[in-house]
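Working notes, beginning with the structure itself.
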Amino acid sequence: MTFPVLVPFLGHNARMFFNLPTLLTWARIVAIPLVVGVFYLDLQPATRDLIATVLFIVVALTDWADGYLARKLNQTSSFGAFLDPVADKFLVCAALLVLVHLQRADAFVALVIIGREIAISALREWMAQIGASRSVAVHMLGKVKTSVQMIAIPFLLFDGRLFGVIDTHRWGTVLIWISAVLTIWSMVYYLQKALPEIRAKAR
């Protein structure tokens, strides 16, 4: 039995889990070991860095593609809304750990970014349980933070001169520190938004 036959057979839930936008999100998760695994291959460092950079960029672009297709095909779902940020966090955290291992990113930066993701994810889960998830809805500040990260990481993965002019290690380092500052800023913002609900429930 082929996949197109299985989907109608399994019904609405299967279509929610296996529609095209969600498959792209799954592909982003599955591709993470490939980005990490490149650094275990017996390749020239420059070749290895280039492959990892291209893979990361292609995988990161699926984040835009799955959101666009979900809206275009009217295939948005609560499961897709859950899985999409999870895939992003996996990708960023995996890449940061690789960069720390390669000594291209400071461990403190990785700790700040990964710690913030854990803290805000826990906060959102708790706010959802008390029916106040709107208080910590995604804000533009968080989107800017993510965008800066998605530029900084491939710069640091490439770790060379782009077009013989741009020192990607230097610019990547500057951008990853900026993203760390934005990470703290956005965390403080979300905590401030959640504080009234927290105080109300503590009474």
Does [X] belong to the same Ile/Leu/Val/Met/Phe/Trp/Tyr cluster as [Y], with side-chain heavy atoms less than 4.5 Å apart forming each link?
{"X": "F90", "Y": "F39", "answer": "yes"}
{"X": "I166", "Y": "I178", "answer": "yes"}
{"X": "Y40", "Y": "F56", "answer": "yes"}
{"X": "V86", "Y": "V30", "answer": "no"}

Please name the pair of heavy atoms, one in [X] and one in [Y], separated by the smallest distance, quoted to 0.1 Å.
{"X": "I32", "Y": "A87", "result": "CD1-O, 4.2 Å"}
{"X": "A110", "Y": "V100", "result": "CB-CG2, 3.6 Å"}
{"X": "I153", "Y": "A95", "result": "CG2-CB, 3.6 Å"}
{"X": "F158", "Y": "T53", "result": "N-OG1, 3.1 Å"}
{"X": "V36", "Y": "A94", "result": "CG2-CB, 4.1 Å"}
{"X": "V109", "Y": "A180", "result": "CG1-CB, 4.2 Å"}

- Query: Is it true that the side chains of T168 and R161 contain a donor and an acceptor less than 3.5 Å apart?
  - Reply: no
- Task: Verify the distance criterion only: is there a donor paired with an acceptor across the side chains of R28 and T62 at less than 3.5 Å?
- Result: yes
- Item | Test side chain to side chain contact (heavy atoms under 4.5 Å, CB included) applied to W185 and K145, step by step | CA-CA 9 Å; W185 187 1; K145 176 266 301 178; over 6 Å; no
- Say whether, by atom type as modelled, one donor and one acceptor occur between the side chain of S186 and the main chain of T183 under 3.5 angstrom. yes
- Do T47 side-chain atoms and L43 backbone N/O form a donor-acceptor pair below 3.5 Å? no
Please report the interatomic distance [atom1]([X]) to [atom2]([Y]), rounded to the nearest 0.5 Å.
{"X": "H169", "Y": "L157", "atom1": "NE2", "atom2": "CG", "value": "12.0 Å"}
{"X": "L182", "Y": "L175", "atom1": "CG", "atom2": "CG", "value": "10.0 Å"}
{"X": "I120", "Y": "K89", "atom1": "CD1", "atom2": "NZ", "value": "9.0 Å"}
{"X": "R116", "Y": "L191", "atom1": "CZ", "atom2": "CG", "value": "9.5 Å"}
{"X": "R48", "Y": "D159", "atom1": "CZ", "atom2": "CG", "value": "9.0 Å"}

Any side-chain heavy atom of [X] within less than 4.5 Å of one from [Y]?
{"X": "I114", "Y": "L97", "result": "yes"}
{"X": "W171", "Y": "L156", "result": "no"}
{"X": "I113", "Y": "I176", "result": "yes"}
{"X": "F155", "Y": "R170", "result": "no"}
{"X": "W177", "Y": "F108", "result": "yes"}
{"X": "L141", "Y": "Y190", "result": "no"}

- Inspect the contact between D49 and R104 and indicate whether a charged nitrogen and a carboxylate oxygen are less than 4.0 angstrom apart. yes
- Query: Considering the options V148, V174, V112, V92, which one meets the side chain to side chain contact (heavy atoms under 4.5 Å, CB included) requirement together with S179?
  - Reply: V148
